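Everything quoted here is computed from the prediction, not taken from an experiment. Each chain gets a letter, A, B and so on, in the order its sequence line appears, and its residues count up from 1. Keep in mind that the numbers below use all heavy atoms, side chains included, and drop hydrogens, waters and symmetry copies.
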2 protein chains.
Amino acid sequence: MSQHRPGSTSGPAGAVPALPDLPEATVARLPEYLRALHHCAETGYETVSSEGLAAAAGVNSAKLRKDLSHLGSYGTRGVGYDVALLIDQIEYVLGLTQRRAVALVGVGNLGHALAGYDGFASRGFHVVALFDADPATIGERIHGLQVRHIDELPAVAAETAIAIGVIATPAAAAQAVADQLVAAGVTSILNFAPCVLSVPPNVDVRKVDLAIELQILSFHEHRKSTLTALPGGRAAGTSGQEAVGS
Amino acid sequence: MSQHRPGSTSGPAGAVPALPDLPEATVARLPEYLRALHHCAETGYETVSSEGLAAAAGVNSAKLRKDLSHLGSYGTRGVGYDVALLIDQIEYVLGLTQRRAVALVGVGNLGHALAGYDGFASRGFHVVALFDADPATIGERIHGLQVRHIDELPAVAAETAIAIGVIATPAAAAQAVADQLVAAGVTSILNFAPCVLSVPPNVDVRKVDLAIELQILSFHEHRKSTLTALPGGRAAGTSGQEAVGS
DNA sequence: CGCGATTTGTGCACGTCTTCACAAGCGCCT
DNA sequence: AGGCGCTTGTGAAGACGTGCACAAATCGCG
């Protein structure tokens, strides 16, 4: 609570804001903690216990403590965690202190929605450009942004550093788009197309497939219906819901 | 190839289509295998090796074999897997042989897109009803479906068994909607709202938070930028991209 | 000033998932 | 018919993630 300098996690004197080597599972949960923390802050809390925060984030309190301990000691024994301090710390680790530019490729059904999705802007992401290959959509204005042809991507990337590329095209076009994004220097891609992308080792790809989620639910539904007996069968806990990233 | 009866996985004579106890990680990958298999079938392949299928699905071949072995022995040593047979088998296990009705709540930006998402229909899911609470949207016709008020949910559920409920509302409304879905008998929920839902133990909830995916990418981007040295640093493999469900 | 209530941080054990490596089985060719 | 190459299925080991349980630390109060 006394020293407020962020990033003094692993360095001996905290001089270098060296990022600790976080387990992937922890990274996937940090955004959830962050959301819960913001909720706490809006509700007026100044400190939260691991128990309280864990409940708000839908996880085990021990897991939450272990996750946060990887960032360093930002809690006070007997009191809890300083909400504002922890928000700063997590935002720093996640790299949210700098606003990141997002380019969205494919303004079909899904792309349209993503272009105007409030959740992006409110978390520090800024959609700076929309692209498509269909001439019919070029020039269309969506949520204040004009759709450009995909071939203009290098030009746009040259003047604005694109941190993340979002692919919302049909599967058939996704690989070509990914190649163009990589060529333009993009090293992080969020792929909504139902296909596997081949990218260089230094490029990170995360995939979101809405149909897959439904199929997983379908499996459990199928199981429930075939195992009509034993009502105490294993299922998701009261507040325990499987996160997407796990 | 001789016996085609699906579900003869664990029962002694295959009489009961008892579902094997699949590891959750395996279940999350089956849809991806299914998609790859459909792609193989369309390309004309009759059989695939684990190596080939693994490459198409973006996973390790050993992992794929172990996953499939949980379903039973549907491969032929020295040859590979019969594509059509494996498709049938996975679709059966995932419960995709029966068309499942999906109800979508919240026809805002995202809900609009989901209502018309082709990927749902092509995988055997059928959006049968749209709901919202905003009077301005009631009656609107989206992709051939009329938006009804959320209070009509019980009536709709009474005449059409809803297998899966999709929540695409703002976070503030999500819990109330979830309660209404549960009350209407829905036992599987796909939640796009950025919040934790409390549901009874027999209800499965899967959460998809688009902003979280961006934040995870942001973390890796942040790491890459701070660790500008050591170009051989750990990153995603050439075709190894972190699946969402993992 | 000391004590008890409270909460963090973490060592340890357990379960799950992944990966390697190889035996078993299958088809094809000679 | 026999052998050879190829591929599946699986045992075992290692890596990873989870949860318990408790020591260490801090605050408040008498």
Side-chain angles (χ1 to χ4, degrees), chain A residues 1-2 9-10 20-30 32-33 40 45-55 57-83 85-86 89 234 236-237 239-246, chain B residues 1-2 9-10 20-30 32-33 37 40 45-55 57-83 85-86 89 234 236-237 239-243 245-246:
Chain A
M1 192 117 108
S2 56
T9 56
S10 62
D21 221 350
L22 296 181
E24 194 58 32
T26 296
V27 175
R29 282 187 293 264
L30 285 183
E32 194 71 39
Y33 301 157
C40 288
Y45 285 100
E46 295 212 348
T47 61
V48 211
S49 69
S50 65
E51 199 78 36
L53 188 55
V59 300
N60 186 298
S61 70
K63 180 152 53 179
L64 180 137
R65 284 199 300 275
K66 185 153 292 189
D67 282 341
L68 294 186
S69 77
H70 287 134
L71 310 181
S73 276
Y74 290 95
T76 308
R77 291 167 136 99
V79 176
Y81 296 93
D82 182 299
V83 173
L85 173 59
L86 201 50
Q89 186 56 24
R234 184 212 155 271
S239 69
Q241 52 199 69
E242 304 91 87
V244 175
S246 70
Chain B
M1 190 106 147
S2 55
T9 56
S10 63
D21 221 350
L22 295 181
E24 193 58 33
T26 296
V27 174
R29 283 187 294 265
L30 286 182
E32 194 71 39
Y33 301 157
L37 282 166
C40 287
Y45 285 99
E46 295 212 346
T47 60
V48 211
S49 70
S50 66
E51 200 78 35
L53 188 56
V59 301
N60 187 298
S61 69
K63 179 152 56 179
L64 179 138
R65 284 200 301 275
K66 183 149 289 190
D67 282 342
L68 294 185
S69 76
H70 287 133
L71 311 181
S73 277
Y74 290 96
T76 307
R77 291 167 136 100
V79 177
Y81 296 93
D82 182 299
V83 173
L85 174 60
L86 201 50
Q89 186 56 23
R234 183 214 155 270
S239 68
Q241 53 200 67
E242 305 91 88
S246 71

[N] OP1/OP2 closer than 4.0 Å to side-chain N/O of [X]:
| X | N | result |
| --- | --- | --- |
| Thr76(B) | dC26(C) | no |
| Tyr81(B) | dG9(D) | yes |
| Ser50(B) | dT8(D) | yes |

### Query
Nearest nucleotide by nearest heavy atom, which residue falls closer to the 5' end of DNA chain D, Gly78(A) or Arg65(B)?
Arg65(B)
### Upstream residue (5' side of DNA chain D) when Thr26(A) and Val48(B) are each assigned their closest nucleotide
Val48(B)
Selected nucleotide, minimal atom distance to [X] side chain, candidates [options]:
| X | options | result |
| --- | --- | --- |
| Arg29(A) | dT18(D), dT8(C), dT18(C) | dT18(D) |
| Lys63(B) | dT19(C), dG9(C), dT10(D) | dT19(C) |
| Arg77(A) | dT26(D), dA21(D), dT8(D) | dT26(D) |
| Ala62(B) | dG27(C), dT18(D), dA21(C) | dA21(C) |

### Message
Run Val48(B) and Leu86(B) through side-chain contact (heavy atoms from CB on, under 4.5 Å) and show every step you take.
### Response
CA-CA 10 Å; Val48(B) 211; Leu86(B) 201 50; over 6 Å; no
### Query
Do Lys66(A) side-chain and dG19(D) base share a donor-acceptor contact under 3.5 Å?
yes
Give the rounded distance in Å between these two atoms: [atom1] of [X] and [atom2] of [N].
| X | N | atom1 | atom2 | result |
| --- | --- | --- | --- | --- |
| Asp82(B) | dC26(C) | CG | P | 15 Å |
| Tyr45(A) | dT7(C) | OH | C1' | 16 Å |
| Asn60(B) | dG14(D) | CG | P | 18 Å |
| Glu24(A) | dA15(D) | CD | P | 18 Å |
| Leu71(A) | dG9(C) | CG | C1' | 13 Å |
| Leu68(A) | dT18(D) | CG | P | 14 Å |
| Leu22(A) | dC16(D) | CG | P | 14 Å |
| Asp21(A) | dG17(D) | CG | P | 11 Å |

### Message
I need the Leu53(A) CG to Glu32(A) CD distance, nearest 0.5 Å.
### Response
10.0 Å
## Note on the structure
Of all heavy-atom pairs linking Tyr81(B) and Arg65(B), the shortest is OH-CG, 3.8 Å
### Message
Do Val59(B) and Asp67(B) make a side-chain contact, defined as non-hydrogen atoms from C-beta onward lying under 4.5 Å apart?
### Response
no
### Message
Within the 4.0 Å heavy-atom criterion, would you say Ser73(B) contacts the bases, only the backbone, or no part of the nucleic acid?
### Response
sugar-phosphate
### Query
How would you list, by chain and number, every residue that makes a side chain to side chain contact (heavy atoms under 4.5 Å, CB included) with Ser73(A), sequence neighbours excluded?
none
